[in-house]
Amino acid sequence: MRTLRASQIGWILAALVLSLCVAVLTGRIVERRARAELIASMTADARLRQVLLASEIARFRLLPLALADDRDVIGAVDGSAGARGALDRKLEALASATGASVIYVVDRSGVSIAASNWRSDASFVGRDYRFRRYYRDAVRNGSATQFALGTVSHRPGLYLSRRTRGGGVVVVKLEFDRIEREWRAAGGITFVTDASGVILISSRPAWRFAATGPIPAARAAAVRADTGTAKLQPSPFVVRGDVIRVGGELAPRERVTTSPDEAGWRVHLAMAQPRTIGGVVRAAQAAAALITLALLSLAWALRERARRSALRTSELEAAVADRTRLLRAEIEERAAAEARAADLREGLRQANRLAALGQITASVAHETAQPVAAIRNYAAAARQLLDRGDAASVHDNLIAIARLTERIGAVTAELRGFARKGSGTIGPVSLAGIVEGARLILKERLSQVTLELPEIGPDLLVLGGRVRLEQVLVNLLQNAIEALATHPDPRIAILLSIEAELVTIAVADNGPGIATEVADRMFTPFVTSRPNGLGLGLVIAQDIMTDLGGSLRLVPSERGARFELTLRRVP
């Protein structure tokens, strides 16, 4: 009896130990799987929130670009009082329509001259913004981005700036209150950090401008100066391995972090483990301890987990479908904006051609003055010869007059074609005709230099548009002529290189060349080495060559400047 009792006790103890081990092991497996599912769901949600944040910022980046060429903005920067009043109302309506926090224009001296909040007591009009990095960088580089605390509103936001023609700067401020509210409604804690680990945007506003980790003193001072904050707040949470513990909360939170975007911003999502995970673990342990109910308990746990997984998947798919619809609408809006931007670029090319025509007017007047005077003399002589009855001489005079009118017609026809707005049609064009057209337009100015031309056969065709290619060649030749204005022996050479599929045209001069600091940024808008230049001719020329499937580049040269055009050859 004692032996039997001891055996039973041994089996019971062994069963209890085995059940306990199975319960502990099962609990760990279930907990690990549930945590992995939670992390996967959080990671997908964090990436989706990062995409929506980037889309929101990208939507507002087009505003400064479009306003930089607005005539009211340019007029206000140039000092027109009427333009400033109209600009205030325009910016007010635009901010209301787009949802921008504020839109304002700063003149050359760094003082705001128009703002969408001009009616408010806290209007930005008349305030000095020279100390702001987004203003200095836009003046120097053409555009800038800065996240900082507003000096007037004391509200943080992202500032997007763009330099205007005339030296002004357009600024659009974007605040993220709506996005932060949506993040709070979605659950968990969402926050965005910059490259230094400082929190900029958060579903908990008190976390803004808090450092999430140690930052060197010099770097912290630079961040404070750039964001306009008096000091950086300490980290609102403590990191413990893969989880964080927020002050005042007993349970830790799981945290996932996205990869940094181009600006170094990361989206973080912290969520507490659902209470159902602990219930599943305890149920699995109890099921393992009670061997008779183990299979039923395990089946129930698996079914419950599958149901929750299906529910989470369904909710995630619905959220993804909703986000996809929003992104599709934004993509359509962006495509429309890009189409408008293409129209603006074509208008800028047309303005560049008309500006070139203004410089060529004197040359055309000189070119046609001599033929007109000769026609007048031939006509007067023909009347005298007709009175004498010398019909043969009259016939010769009429032939000479016809030749002179053909010369005038060729120049003016080429000039009219150059002034027309390009149709955008791309097709085979004669390279010889392009070069001859540019020579006719610049004939008087080219007479001041020695021009070397290659032999171009009439059957050499390239893929492009006649007017646009002439515009590029006229731009390059005019730049070379102006660079040689004071040179004692001015020379320009047009060189030709023909390959099986490509044709390369080089325009080279023996002038002073291009300074290194200018050459590195030659195709950047508003960069020029001439006092009266706008810095747009080469930018427009390169844009035209890109549209035509070719290229325009500055080639290093031992003397003078050398630009090469590469075009696709038509067999």
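Just so it is clear, the model here is predicted, and its values are computed rather than measured. The figures that follow rest on heavy atoms only: side chains count, while hydrogens, waters and symmetry mates do not. Note that the numbering runs from 1 along the sequence shown for the chain.
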So do [Y] and [X] actually touch side chain to side chain, heavy atoms under 4.5 Å?
X    : Y    : result
L484 : D489 : no
I434 : R466 : yes
L149 : T227 : no
L476 : L565 : yes
R491 : V449 : no
V77  : V105 : yes
V192 : H268 : no
E175 : K173 : yes

* Going by the side chain to side chain donor-acceptor pair (under 3.5 Å) test, which pairs reach into residues 494-515, not counting sequence neighbours? -> none

* Does one side chain, of S116 or K90, offer a donor that lies under 3.5 Å from an acceptor on the other? -> no

* To do: Determine whether the side chains of S196 and R219 contain a donor N or O and an acceptor N or O closer than 3.5 Å.
  => yes

Taking only residues two or more places apart in sequence, or in another chain, which ones meet [X] in a side-chain contact (heavy atoms from CB on, under 4.5 Å)?
X    : result
S120 : N117, A122
L463 : I426, R568, V570
D226 : R133, Q146

Where do [X] and [Y] come nearest, in terms of heavy atoms and distance?
X    : Y    : result
R569 : I498 : NH1-CG2, 3.3 Å
A220 : I215 : N-CG2, 3.6 Å
R562 : S557 : CB-CB, 4.1 Å
A83  : G75  : CB-C, 3.8 Å
E56  : I179 : CG-CD1, 3.7 Å
L160 : P64  : O-CG, 3.7 Å

Test item: [X] side-chain N/O and [Y] main-chain N/O as donor-acceptor pair under 3.5 Å:
X    : Y    : value
T566 : G550 : no
R208 : L200 : no
R132 : D128 : no
R130 : G110 : no
Q471 : I544 : no
D543 : T546 : no
D137 : A144 : no
T212 : G197 : yes

* Asked: Quick one: CG on L65 to CZ on R162, what's the gap to the nearest 0.5 Å?
  -> 5.0 Å

* About how many Å separate CG of L431 and CG of L461, when rounded to the nearest 0.5 Å? -> 9.0 Å

* **Residue pairs passing the ring-ring contact (aromatic ring centres under 6.0 Å, His included) test where at least one lies in residues 77-119, sequence neighbours excluded** => Y104-F124, Y104-Y129

* To do: Please step through salt bridge (Lys or Arg N to Asp or Glu O under 4.0 Å) for the pair R439 and E436, ending with a clear verdict.
  => CA-CA 5 Å; R439 285 185 60 203; E436 184 60 25; 3.4 Å; yes

* Evaluation steps, salt bridge (Lys or Arg N to Asp or Glu O under 4.0 Å), between D78 and R71 -> CA-CA 10 Å; D78 289 339; R71 62 181 181 181; over 6 Å; no

* To do: Verify the neighbour count for atom CZ of R47: are there more than 12 heavy atoms of other residues, nucleotides or ligands below 6.0 Å?
  => no

* Test: R328 and E332 ion pair at under 4.0 Å -> no

Contacts under 3.5 angstrom, residues 450-460 side chains, donor-acceptor by atom type, not counting sequence neighbours:
none

* To do: Carefully, step by step, assess V429 and L469 under the rule side-chain contact (heavy atoms from CB on, under 4.5 Å).
  => CA-CA 10 Å; V429 292; L469 284 177; 3.9 Å; yes

* To do: Apply the ring pair (Phe, Tyr, Trp, His ring centres under 6.0 Å) test between Y159 and each candidate in F60, Y134, F147; give the one that qualifies.
  => Y134

* Structure fact -> Only one of I514, V518, D520 passes side chain to side chain contact (heavy atoms under 4.5 Å, CB included) with T516, and that residue is D520

* Pick from L67, V171, L87: which one makes a side chain to side chain contact (heavy atoms under 4.5 Å, CB included) with I103? -> L67

* To do: Find out whether the Lys NZ or Arg CZ of R553 is both under 6.0 angstrom from the six-membered ring centre of F563 and within 45° of the ring's axis.
  => no

* Take E180 and R178 through the salt bridge (Lys or Arg N to Asp or Glu O under 4.0 Å) test and state the conclusion after the steps. => CA-CA 5 Å; E180 291 175 340; R178 179 180 60 81; over 6 Å; no

